[in-house]
Each structure stands twice: as C-alpha cells, then as structure tokens.
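Data first, discussion second: the structure below is written as structure tokens.
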Amino acid sequence: MYKIIEARFLGENIKKFEIEAPKIAKRRKAGQFVIIRLDEHGERIPLTIADSNPETGTITLIVQGVGKTTQQLNMMESGDEIMDVVGPLGVPSHIEKFGTTVSVGGGVGTAIAYPTAVAMKEAGNYVITINGARSKDLVLLEDEMKSISDEAYVTTDDGSYGFHGFVTQKLQELIDQGKQIDFVLAIGPIPMMRAIAEVTRPYNIKTMVSLNPIMVDGTGMCGGCRVVVDGVSKFACVDGPEFDAHKVDFKNLMDRNKMYAKKEHESLEHFHEECRLEKKIKEIKE
Amino acid sequence: MQQLTAKERMKIPRHPMVEQDPLERSRNFLEVNQGYDVQLAKEEALRCLQCPKPSCVEGCPVNIQIKDFITLIAEEDYIGAVHKIKEDNALPAICGRVCPQEQQCEAACIVGKRGEPVAIGYLERFVADYERESGNIELPKIAPDTGKKIAIVGSGPAGLSCANDLRQLGHDVTVFEALHQLGGVLVYGIPEFRLPKDIVATEIDGLRKMGVKFETDAIIGRITTIDELMQEEGFDAVFLGVGAGLPWFMGIPGENLVGVYSANEFLTRVNLMKAYNFPNEDTPILDCQDKNIAVFGGGNTAMDAVRTSKRLGAKHAYIIYRRSEAEMPARVEEVKHAKEEGVEFLLLTSPLEFIGDEEEWLCSVKVQKMELGEPDASGRRRPVPIEGSEYEIELDIAIVAIGNGSNPLIPQTTPDIEVSKRGTIVVDDETMKTSKKGVFAGGDIVTGGATVILAMGAGRKAAAAIHDYVTNGNW
Ligand SMILES: Cc1cc2nc3c(=O)[nH]c(=O)nc-3n(C[C@H](O)[C@H](O)[C@H](O)COP(=O)(O)OP(=O)(O)OC[C@H]3O[C@@H](n4cnc5c(N)ncnc54)[C@H](O)[C@@H]3O)c2cc1C
Ligand SMILES: Cc1cc2nc3c(=O)[nH]c(=O)nc-3n(C[C@H](O)[C@H](O)[C@H](O)COP(=O)(O)OP(=O)(O)OC[C@H]3O[C@@H](n4cnc5c(N)ncnc54)[C@H](O)[C@@H]3O)c2cc1C
Ligand code: SF4
Ligand code: SF4
Ligand code: FES
C-alpha cells in the first residue's frame, strides 16, 4: 500500500498527489514514470513522476481525470492508499547541454514536461517553455515553469490568457524571430505532438516527444505498448517513452489508443452507476 | 499391498484422466482435468512394475524417486508419497499438471514400451492434491538461522524453488517480484483451466509460513540495482530467476494493427488482470464473442491463448502453425484438449501479412501453405513455402505466440553480468554462477523459454551452490 500524503486540485479535473514511495523517490530521474493500480480490481495505468523528494520519500503525480481509473484516483484524498505503485519505469530523458531548448507542454503534458525542463536548466541550457491550455483556468504549473525558465510563455486556445493560439503557433513565431533553437521536447495530446514535429521538421531541429500508448505491465513483457518509430516496433515502456518526433508513426499510435474506446465508456458508466448506488445507500443509512 | 505379477500389472489399462465435458468446458474457466480419486490412483499405481532399475527416474529432469512414491500410493500412504516427491520437487501439484510427461518421465517408463506408460504425472498431481485438500500441509523443517541474507529476483518456478531450499537451510530469503502478484508465468501465463491459481497461491503461502519474505512491485534494476542489493542492503548472494518475458513478433507487415496481440498480453489481460470479468474488473480486452481469432504458433503458449479465446466466445478459433502437428512443441494433452474443444488447426500454414482497414483495425491475414523439406539444425523438417498457395483468412483478433526473448533489464543495469548473443545470462552449468561474484541465475533467463520443471531444477541447483558460497565463501 502506498499512502497519499497530500492531494489537491490544480484546476478543473486535474489533481496533484504527493505519494509515499521512498525507494522510487530516491531513484527516479526526469522523464520516468510509474504504473499504479488503485485496488484489487484496478487496471494498471502509467503516470509520469512529475517530481520527487528523496528526503520526504515522496513522489508527485499530476493526474487528469479522463476515464474510470483517473477519475477514481482524483476522488481520493490525503490519507487514502493506493494498492500498487511500480517504478521508476522507462528510460530517463536524455539531458545534455544543447544550448537553447524548448519544452512544450499541452494540457496535463505540462506536468510531464516540467521535470525535464528543470533538468535541462540544471544542465546549463537556455530554457524556453511554452505552456498550452484550452483556457485560463486550465493553465498548469505556471509559477513553477516561470521560475526555471529563461523565457516562459503561456498560450490558450481561446485567448483568455497569454498568447492567443496553439503552442505550435508560438513555437513557429519563435523560429520566425530567428531564435537559434537546438532542441525541442513536446509532451501533450497526440495531435499536438504531431503538429510540433511538423513545425520543427523543416528546420531539422532535434525534437523528442513523450508517447502515451496503452500499457499493462510496464516491464517489456506484454508488447501492448509498442509504437512504430522509423518503421520499427519499439516497446514504449522500456525503449521509451521519449522518441524522435520526426520518426514516430503518430497515426498508428492514435488508432491504437482508440482500441478500447467502447470498453472505456462502458467502464466509466459502470463506475458512475456504482458511485450513484453508493451515494444512495449512504443516504438511506442516514 | 496387492501382490500381482508383472504380467497382470501390464494387463491393467491406463486409467484416463477424469475431464470436464469438452463442450461444457470450452465455455468456462474451471480446470479441465478433474484429477484421480483415491480408487483410480490406487489402481493406476498397480500398473507400475517396481523396476529394479527404474528408467522413469532418469527421464525426470529432477530425478524424483518415482518408483518409491508410486509404491507408497499402492500402500495407501498418500502423504508418505507426497513427502517422497518433495525430496526432489517442491511443487508437485504444479508439475503434475504442466510437465510434458510424454517427453520425460513417462517417455522413459518401461510399461510404455509395450502399451501406455504409467500415468506418473496424474499420480504426482493426485498425491499433491490429496495433501492440499487435507488442509494439513506439513511445513519442512527449517535449519537454525545462518544470518545470511539472500535475494531472489523473480517469483516464477525458478525463484520459488530456490527460495524454498535456501530457507530450509536457515537463510534469510527475500523474493522480489516486478508484478503485483507472485508466481511468474504460473499466474500471468498459464490459464486457470489448466493450473488453478489457488494451487500456486497455496504453494506461495507455504513459503511465507516458512519465513520467506516477499516484495511485490519491485523491479530489480529499476528500483534497486543488484550492486545496491549486495553493497547497501546487505544481501550475501543474489539469484536471478527473471524468466524470458519479452514477446517476439514475426516481423511481417501489419503487426501493429489494432487487434494484433502478443500471447503474453492476451493471457496477462485475461489471467492476471481478469479481463473476462470486465467491467467488474477494470482491465478490458477486445470482444471475442462470435469473433474470428487466430493464434500463431504451436507451443503451450499458443494452445493456452487459443483455448482462452474459445472460452471468451470465439466463433472460429484457429491455430496457424507453419510446420506439421508432429513438430508442435506443445504438450500432447493440450493439443488433444484444444481439438476436442473445437479449435481449428491450420497446419503447414504461414502468415505473410496482416491486413487492416482505414482505422488500422485488423480485417484479415494473408497466409501461405508450406510443405516439409529437409531437416534443419534443430532436427525438425524445415517448412518450405508453396508458390502460389497464398490466401486470406478473415480475422478480428490475431495472437502471436512464437516465443519469448530475454528481458534486457537486468543485463542493461548490471553490465558485469555476461550475456549470450541471444540475450540469455551465461552461467556455469553445475553451479549456476554468473560472471558476477555472488550472483547466480537459472530458469528461462538462462535457457530461453523452456519448462517449469527445468526452471525449478535450476532453482534448486543454484540453491545448493548459493548455500555453499555463503557458508564457505568460495567463488
Ligand atoms: C508513459 C505515460 C505517462 C503518462 N503520464 C500521465 C500523467 O502524468 N498524467 C496523466 O493524467 N496521464 C498520464 N498518462 C495517461 C494515463 O495513463 C491515461 O490517461 C490513463 O491510463 C487513463 O485511464 P482511465 O481508466 O482513467 O481512462 P480510460 O477511459 O480507460 O482511457 C482514456 C484514454 O487513456 C488511454 N489509456 C487507457 N488505458 C491505458 C493504460 N492502461 N495505459 C496507458 N494509457 C491508457 C487511452 O488512450 C484511452 O483512450 C500517461 C501515459 C503514459 C503511457
Ligand atoms: C502461456 C505459457 C504456457 C506455458 N505452459 C507450460 C507448460 O504447460 N509446461 C511447462 O513445463 N512449461 C510451460 N511454460 C513455460 C514455463 O512457464 C516457463 O518455462 C517457466 O515459468 C520459467 O520459469 P522462470 O522461473 O524461469 O520464469 P518466469 O515464470 O517467467 O518468472 C519470472 C518472474 O520474474 C519476474 N521478473 C522479471 N524481471 C524482473 C525484475 N527485474 N525484477 C523483479 N522481478 C522480475 C517476472 O515478472 C516473473 O514473475 C509455459 C509458458 C507460457 C508463457
Ligand atoms: S516432475 Fe515432471 S518429469 Fe518429473 S516425475 Fe513429475 S511429472 Fe514427471
Ligand atoms: S519405469 Fe514405469 S514401471 Fe518402472 S518403476 Fe518407473 S513408473 Fe514403474
Ligand atoms: S507495457 Fe507491456 S511491454 Fe510495455
């Protein structure tokens, strides 16, 4: 059992957790993730380690409630326990002094991009961050990003805050201004990562993306997380999750991620039904 | 004990296993084989000729005293029989069920030269079940604490048997397992209808009662390296029983279409994550009801996957295998059971390409017929494609079961452990020592995908060598 030490909403539907996992906290490097299982009946799902504190023995997870498991997790509070937390998994981000690096985060991807941006800064890079959200109240980690960036930009799709437009447009603008950009790491929804890859491709800027295929074990045993990179199958949990954006087959990833859409819907309905029932039982008891 | 002449014994026909009806069982996950009762076991035991030089013992990879335990059954001392087996094999309820007996002990049984061999596996299983069902499994004696700490990495049969022996010798043993559940392939791979998970749980429970410690969710190499185990956590020796869990794909076009699974993933979703009970269990699997499902391969894994798909409601469940039935590595009993359950075998057939729709969902597989040519390096006749024999089979789900390579995690994080070109860990055959001082290995990570009994035997061999090493310090 892994205890939740602190839990708090960062924005609508996005919650930040501090979880007691001392061994993982000690080991973990930027870019790595854990697999969690909430309870006996739970699915194993991957979540990036947004931060860790070896002293307190805790890791930070930032979770967007998109389906059954993430919504159930986001209903949990400090003091609650998670049955399984396994990690740290995946190959850590490749950190090096590139010169100028741009970290692009879309939605909850911002949280995933954050630790790598920190590490890039520590490695002596000039760090630019572009932090995208649909609207103002969905902007994540703005202060954190600012504090470690040489230049920090926020974009919103609806223009309610910061730059009005997509993260791709902001990146294009920076390139057009003649900024020398040596490295880009983009993390967010698949269409966003694909679009970023297209922005940097003509300029040959080295670009990495953190892929999010459906996983089970996270140890290389099932092959369910395979993604196509440069025409070859790779297991994202052990070979990734970061890959060269210019070589990823994004269409395949998108199609594979839709594999259980019907099932996921069914699972969520089932969960909501259970929650309703539980509420009713509670009401009757009172 | 009944006195019978050899001739009279030879006349008794082999007692068939009591099985669930094929139609019935192809729709449930209950164990197919129901086991002998006392009467059947006693009668089967009478078929053994009590050979002065029992060849069966040579056929068993761990040399169980087969003649002696069968004699005890005939004498109605079932508990005595199971204790006899446990001198050499800590997991008889498991091996009695999954060993390829027809290639091992039973292949060597003298009775088999003229008729059907003594049902050694069924008898082994019978006594183990007898003991478990009596609710009174006697724990082995544990030697006084030696103060030596040993880490076992992986909780498959290799790790469990190694832990068992080392704990009996009085060592402080901790088993580290990457998954949330203990048992390795025994729980995530081999299905309930062949090996009920309760049995594996009972074995592990026994180890726990003996004082073996278990840590799940612990991926060695990631959470702690082997060097750290030895230098910081005070382990005197490490045994690696991490298995061969890296599924191979065939390298043909379309293998990443939606609907193409590895057998490992398909079986893990069903066995470990209980996807058959979705949405009460959270993990999904693609709908199999009334679907066309093909499994590629001819081993135990392929049989398990295809029979599982049948139980999940498949309309057509095919085995597609490029050689003929004689070359299939699966246990004979599994092939027989699969056929009885309605699995369709497309032999001498090899896949060329998976074909999908616009959304990349699998629609069909293009295959080619083969014929057998000259024997290859393994002695099996090599399949040769027949030109112009290509055709398509409509498919909703494809499951690739062509074997597993070695998981590179440990070698990657422990560069001073020597690995072969195939990625397996290199050990000394007798002592299971790796190239790294204090580290031993055994099971599938050394041999490549093999069998439960070989993994178990390797675990035991390593335990003996580890004991020697930690008590004498000789490397
Ligand atoms: C390496 C990696 C790191 C991730 N880090 C984060 C993070 O830090 N924060 C965060 O909010 N999300 C993260 N995700 C995504 C997160 O794992 C999914 O949102 C979650 O699994 C959805 O589960 P669900 O039951 O809530 O939703 P579901 O309704 O089951 O699924 C919603 C979508 O999530 C994806 N998904 C479903 N099951 C899995 C699974 N077992 N493994 C992976 N993806 C799945 C599918 O694309 C699906 O369409 C990460 C994914 C990966 C692969
Ligand atoms: C579907 C299927 C059916 C089979 N049927 C039969 C059969 O009928 N008869 C038969 O004899 N054999 C059968 N086999 C083969 C047999 O199961 C294996 O040979 C045997 O399980 C190997 O045992 P092992 O202990 O070496 O490894 P495994 O059983 O593979 O166990 C290894 C364990 O180590 C864990 N692990 C891996 N890496 C790490 C790490 N870094 N840290 C911590 N833990 C780790 C894994 O999660 C796993 O639990 C079958 C195999 C499969 C896949
Ligand atoms: S362990 Fe396997 S090979 Fe040995 S006697 Fe038992 S069933 Fe036969
Ligand atoms: S070889 Fe067969 S008949 Fe002889 S002792 Fe072994 S089991 Fe009995
Ligand atoms: S999640 Fe199973 S191999 Fe990557």
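These numbers were taken from a predicted model, which means no experiment stands behind them. Residue numbers begin at 1 in each chain, while the letters A, B, ... track the order of the sequences.
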At a 4.5 Å cut-off on heavy atoms, which part of Met83(A) comes close to chain B: side chain, backbone, both, or neither? backbone
Given that the side chain runs from C-beta out, which part of Phe249(B) has a heavy atom under 4.5 Å from chain A: side chain, backbone, both or neither? side chain
Mind ranking Pro88(A), Gly87(A), Gly224(A) by heavy-atom pairs under 4.5 Å with chain B and telling me who comes out on top? Pro88(A)
Answer with side chain, backbone, both or neither: which region of Ile214(A) has an atom nearer than 4.5 Å to a non-hydrogen atom of chain B? side chain
Whether Asp217(A) side chain and Gly220(A) backbone form a donor-acceptor pair below 3.5 Å: yes
Under 4.5 Å from any heavy atom of chain A - which part of Leu272(B): neither
Residue list, side chain to side chain donor-acceptor pair (under 3.5 Å) with Ser52(A), at least two apart or on another chain: Arg28(A)
If we ignore angles and hydrogens, is there a donor and acceptor under 3.5 Å between the side chains of Glu242(A) and Ser93(A)? yes
Among Met259(A), Glu266(A), Gln72(A), Met221(A), which residue forms the greatest number of heavy-atom pairs with chain B at distances under 4.5 Å? Met221(A)
Out of Ile219(B), Val258(B), Leu246(B), Asn256(B), return the one with the most heavy atom pairs under 4.5 angstrom to chain A. Asn256(B)
When heavy-atom pairs shorter than 4.5 Å are enumerated against chain B, which of Val238(A), Val85(A), Thr69(A) gives the highest number? Val85(A)
Taking Glu177(B) for the side chain and Ser155(B) for the main chain, is one N or O donor matched with an acceptor at less than 3.5 Å? yes
Proximity breakdown for Asn280(B) and chain A, heavy-atom pairs closer than 4.5 Å: both
Interface moiety of Leu257(B) toward chain A, non-hydrogen atoms closer than 4.5 Å: backbone
Do Ser262(B) side-chain atoms and Cys222(A) backbone N/O form a donor-acceptor pair below 3.5 Å? yes
Quiz: residues 286-297 of chain B side-chain donor-acceptor pairs under 3.5 angstrom, not counting sequence neighbours:
unit_1, atom_1, unit_2, atom_2, d
Asp287(B), OD1, Lys263(A), NZ, 3.0

Contacting moiety of Phe235(A), where chain B heavy atoms sit under 4.5 Å: side chain
Identify which part of Glu40(A) has an atom lying under 4.5 Å from any heavy atom of chain B, answering side chain, backbone, both or neither. backbone
Toward chain B, the part of Val232(A) with a non-hydrogen atom under 4.5 Å: neither
Would you check if the side chain of Asn252(A) reaches a backbone N or O of Val228(A) as a donor-acceptor pair within less than 3.5 Å? no
If you tally heavy-atom pairs under 4.5 Å against chain B, which of Glu264(A), Met254(A), Glu274(A), Lys68(A) wins? Lys68(A)
Most chain A-contacting option - heavy-atom pairs closer than 4.5 Å, from Ile285(B), Leu409(B), Asn404(B), Asn407(B): Ile285(B)
Option from Ile62(A), Thr58(A), Asn74(A) for which side chain to side chain contact (heavy atoms under 4.5 Å, CB included) with Phe17(A) holds: Asn74(A)
Chain A heavy atoms under 4.5 Å from Val260(B): which part of the residue, side chain, backbone, both or neither? both
Within a strict 4.5 Å, meaning less than it, do heavy atoms of the Leu240(B) and Ile220(B) side chains meet? no
Which atoms of Gln32(A) are under 4.5 Å from chain B, going by heavy atoms: the side chain, the backbone, both sets, or neither? side chain
Side chain / backbone / both / neither for Arg256(A) at chain B, heavy atoms under 4.5 Å: both
For Thr225(B) and Glu228(B), indicate whether the former's side chain and the latter's backbone hold a donor-acceptor pair under 3.5 Å. yes
Under a 3.5 Å distance rule, please check whether Asp84(A) uses its side chain to pair with a backbone N or O of Met1(A) as donor and acceptor. no
Output the option from Met273(B), Glu255(B), Glu281(B) having the highest count of non-hydrogen pairs under 4.5 Å with chain A. Glu281(B)
Side chain, backbone, both or neither: which part of Lys251(A) has a heavy atom under 4.5 Å from chain B? both
Using only atom types and a distance under 3.5 Å, with no angle test, would you say the side chain of Glu192(B) pairs donor to acceptor with the backbone of Lys197(B)? yes
